[in-house]
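Chain identifiers are assigned alphabetically (A, B, ...) following the order of the sequence lines, protein sequences preceding nucleic acid strands; residue numbering begins at 1 within each chain.
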Number of protein chains: 2
Amino acid sequence: MKESNSKIRIKDIAELAGVSEGTVDRVLHNRGEVSAKSREMVEKVLTEINYSPNLIARSLASKKSYRFICLIPEHAKTDYWANVERGFDQAAAEFLQYNIVLDKWYFNQFDATTFIAACEEISDSLPDAVLMAPIFRDETLQFAKILKEKSIPFSFIDSMIEETDFLTYYGQNSFQSGYVAARLLLEDLPADSKVIFLRTQRKGAVSNQTLARKSGFLKYIEEHGLQSLELINVEMNDKDETANRNTLAEVFESQENIRAAITFNSKVFRLALHLQELNHSDVRLIGYDLLNENVKYLQQGVISFLIAQRPDKQAYLSVRDLCTELIFKQKVNKVNYMPIDILMKENIEDYLHFKE
Amino acid sequence: MKESNSKIRIKDIAELAGVSEGTVDRVLHNRGEVSAKSREMVEKVLTEINYSPNLIARSLASKKSYRFICLIPEHAKTDYWANVERGFDQAAAEFLQYNIVLDKWYFNQFDATTFIAACEEISDSLPDAVLMAPIFRDETLQFAKILKEKSIPFSFIDSMIEETDFLTYYGQNSFQSGYVAARLLLEDLPADSKVIFLRTQRKGAVSNQTLARKSGFLKYIEEHGLQSLELINVEMNDKDETANRNTLAEVFESQENIRAAITFNSKVFRLALHLQELNHSDVRLIGYDLLNENVKYLQQGVISFLIAQRPDKQAYLSVRDLCTELIFKQKVNKVNYMPIDILMKENIEDYLHFKE
DNA sequence: TATAAATCCGTGTGCGTACACAGTAATAAT
DNA sequence: ATTATTACTGTGTACGCACACGGATTTATA
C-alpha cells in the first residue's frame, strides 16, 4: 500500500527519468518551467515507484514558516477553555521545529463585538490558517466568507457551522453525549422519580452544545418510554448563589422523589455544592467536562458521572491536521467526533494521570 | 522552562564557548577527546542557554539505525493482541523516517517453551531494545537478566514484573479496572441478587490480569457492604460450547434472582451468546476489551458495559518512549497506567470511529 | 634535543530536499 | 545572420547535525 520503498530519493527519480534533480523538484511542486516531455517522464516514474518524500529532509530544507491563529474565548485558568489552550500549547511546542507559530487570540464569549473585532484584525494580518471556536453563528459565517475570499483555510473546534467551507472539525457529538448522559442518569430509576434539569441564565445566547445535549437526553427518554419521569426545570442565576440555594431548597421541599439531576453545561459543580449543603448528595448527579471543581465533587461522590471530551486533544489534533494538510499536503478527515468519555470516582484518577 | 530559544545551533554554542563545532559535538555526545577546559566552557554555555537540538536535522544526519523487537503472543486477527499489533505497526510506519525498524516475534501464550525459544533467538540477535508482554513470569525474569547483562533495554506492555529493571510499562491498572467493573455491575442491584463469575479453564496459568481484576471487584463488594450478594462461580470449558450452554442453563434453573454476570478475561462474547440464546439478556453483563464479537453484543444490548484499555495506544506509546529515551536521549516516565475506558451501546460508535 | 606517542581540536563532507541562479537550447524579432 | 526573448534544465548552496579525518599541540620517551 503505502509502505513500499521510502528510500527512494529525488536523485534516484531524476536518474530513472533521465533528468536533473531540479526538474523533478519542479514537477513535484508543479511550479512550471518544465517541458511536456520531461514532466511526462518524471510523472511516470513517480507513479511507478510511489514516491513519498523524506519529510525530515523537507522540513530541514524548507525555510517557509507558517503562522496559525487560534481564536477562542477568554477564560479563567480552571475553565474548560484552559484545557483547550493547553492542547494548543503542546502542539505549538511540538511543531515548532516545523517552523510553525501559533498566535492565540481571545474574545469575550458574551459579547459578539469582541469577536468581530478580533476577526477583523486577524484577517488583516493574513495568517496561513485560522482555528476557531464558532460561538457566534452569524458573525462566524461572515468571518468565514472573508477568509474564503482571502483563501485562508480555517478549522472549527468545539462546535461547527456546517454551511461553511471549513477544513476540519474536532468536537463532541453533543446530541449523542446527551443521550449517553440519559442512560447513565435514568437507568434503573424508579418510575415515579423526578429529575432536575438545571439551567443557568446568561446574557448571551444559549449555546448550541447544551441545546443539542438536551435534545439527545430527551430523545433517550422518548425511545425508552420513560415519559412517566417528571422533569423539573430549575433556573439558576449566574451570580447570586444564595438565591440559587434557596431556589433549590424550595424545589426539594415542594417535591418528593427527586432522585436525579443534570446540567448540560460544565457548571455542575455549583449544583453539587448546593446539593451537598442541602444534604441531598444521594441524588444521582451528572455533568459535563473535567473542571477542577467538577472533579473534586466527583471524587467526593457527590457527582455520579462526568462526561468528558478531551478538549486538549481536540486542540492538538486540529493543529496537527493543519500541518498535515498545509505543510505535508496530505488529505485529512473533515468531521471528527471525539469519544464520549465516561468518568466516575473510580476511574478518574488513571484518566487524569494519563499523559501521552 | 523548556521552550526558550530553540533557534540556537551547535554553531552558536561553539562561538559562545570559543571552540569549534566539532568540540561542542564531542561534549554533547560525550565521546572524549576534549580537554577539561574546553568541556567546562561548553558545558557552561550549554546550561546557560538550555540547548535543545534540532531533531529534524539530527535524524537527517544520523545514519544510525535502531532495531526494536516486539515480543507478543501469537493470535487471531480479531484477538486482543491484534489491536496491540496494530499499534506497533502504526508506530513502525511513523518512526520509519527516524531509521528504526520493528521486528515482531510471537510465542504461544499457553506454552512457555515457545517463549523461551524466542527469547534466546532475540538475545542472540542483539537488538537495540526489546518490548514484550511478560505472560510467563519466571521465564521473563530469566530473560530480563540476560538482557541486562547484554545492556539491552526492555519495556513491558500489558502487564509488568516490578522486580526487573524495565524502561517503561504501559497497561491498565487491573485491580482498579475490576473495581470499576464492580460499581457498574452492582450499583442499585437489589440486595438479594446473585452474580455469576465466569471463569474459563485453560491449560496455562491463570493470568495476573484476571486475578487482579477479580481482587478489585471483590474489594468493591467489601468496601460497600455488599456481602449479601451471592457470587456464583461458573467454570466454562474452552472448547465444548454445548456443554457450556448446558452448564449455564442448569445454573439458571437451580438459582433465582441472577441479575448480573461478569468475566474477567476478554471472552465475554461467549457468555453473551449463551445468555441471549437462553433468553437471559436482561442479566446485566460486563466484560473486558473491544473484540469484534464483544462490540457486537454491546451494540445489541446484551452486554451492558465493556471496559477497554486502548491496546493499540499502549503499543504505540511504548515504541515512542523507546525512541524518546534511546534516540532523543530524554527521560521517560516508567509506569504508565492507561485510562479505564467505559463503553456502552450509546458511546461505542464515536469511540471506535475516533482516529487520532 | 629529537622523536614518538598521546591528546586535543577544526575542517569538511554527507543526509534529502528546496530553491536561486546560471547556463543551454529553442524560438522570435530585428 | 545576429541579437533578443523565451523556455527549459542542471548545478550549487543552505538547512543543522553527526562524524571521519587529519592537523596541531602537548606530553612522554629515548
- Rounded to whole Å, the NZ-P distance (A:Lys11 to C:dC15) equals 7 Å
- Message: Less than 4.0 angstrom between a side-chain N/O of B:Thr23 and OP1 or OP2 of C:dG10, yes or no?
- Response: yes
- Message: Would you say the rings of A:Phe154 and A:Phe166 are close, in the sense that their centroids are separated by under 6.0 Å?
- Response: no
- Message: In whole Å, I'd like the distance from the OH atom of A:Tyr98 to the C1' atom of C:dT17.
- Response: 14 Å
- Query: Looking only at side-chain N and O atoms, does B:Ser38 come under 4.0 Å of OP1 or OP2 in C:dC9?
  - Reply: yes
- Message: Whether A:Arg58 contacts C:dG16 is assessed here as follows: a side-chain N or O lying under 4.0 Å from the phosphate OP1 or OP2. Is that the case?
- Response: no
- In whole angstroms, the gap separating C1' of D:dC15 from CD1 of B:Ile10 amounts to 13 Å
- Query: Hey, would you say the B:Phe107 and B:Phe115 ring centroids sit under 6.0 Å apart?
  - Reply: yes
- For the pair A:Asp312 (side chain) and A:Arg86 (backbone), establish whether a donor and an acceptor sit closer than 3.5 Å, ignoring hydrogens and angles. no
- Note on the structure: Quick note, B:Val34 side chain, CB onward, closest among C:dC9, C:dG16, D:dA18 is C:dC9
- Using atom types as modelled and distance alone, determine if a side-chain donor or acceptor of B:Thr324 lies under 3.5 Å from a backbone N or O of B:Arg320. yes
- Query: Between C:dG10, D:dA18, C:dC19, which nucleotide gets closest to the side-chain atoms of A:Lys64?
  - Reply: C:dC19
- Taking for B:Glu33 and for B:Gly22 the nucleotide of DNA chain C with the nearest heavy atom, the one nearer the 5' end belongs to B:Glu33
- Task: Return yes if a side-chain donor-acceptor contact under 3.5 Å exists between A:Ser35 and A:Ser38, otherwise no.
- Result: yes
- Note on the structure: Taken to the nearest whole Å, CG/A:Asp25 to C1'/D:dT11 is 13 Å
- Message: Just the rounded figure in Å: distance from P of C:dG16 to CD of A:Glu15.
- Response: 13 Å
- Message: Using whole Å, what does the distance between atom C1' of nucleotide D:dA20 and atom NE2 of B:His29 come to?
- Response: 14 Å
- Query: Quick one: B:Arg26 CZ to D:dG22 P, roughly how many Å, whole number?
  - Reply: 15 Å
- Query: To the side chain of B:Ser35, which of D:dC17, C:dT11, C:dC8 is closest?
  - Reply: C:dC8
- Query: What is the distance, rounded to the nearest whole Å, between atom CG of B:Leu60 and atom C1' of C:dA18?
  - Reply: 13 Å
- Give the nucleotide from the list D:dC19, C:dC9, C:dC21 with an atom nearest to the side chain of B:Arg31. D:dC19
- Task: For C:dG16, take OP1 and OP2 only and decide whether either is under 4.0 Å from a side-chain N or O of A:Tyr51.
- Result: no
- Query: When the nearest nucleotide of DNA chain C is assigned to B:Ser62 and to B:Glu21 on a heavy-atom basis, which residue is associated with the more 5' position?
  - Reply: B:Glu21
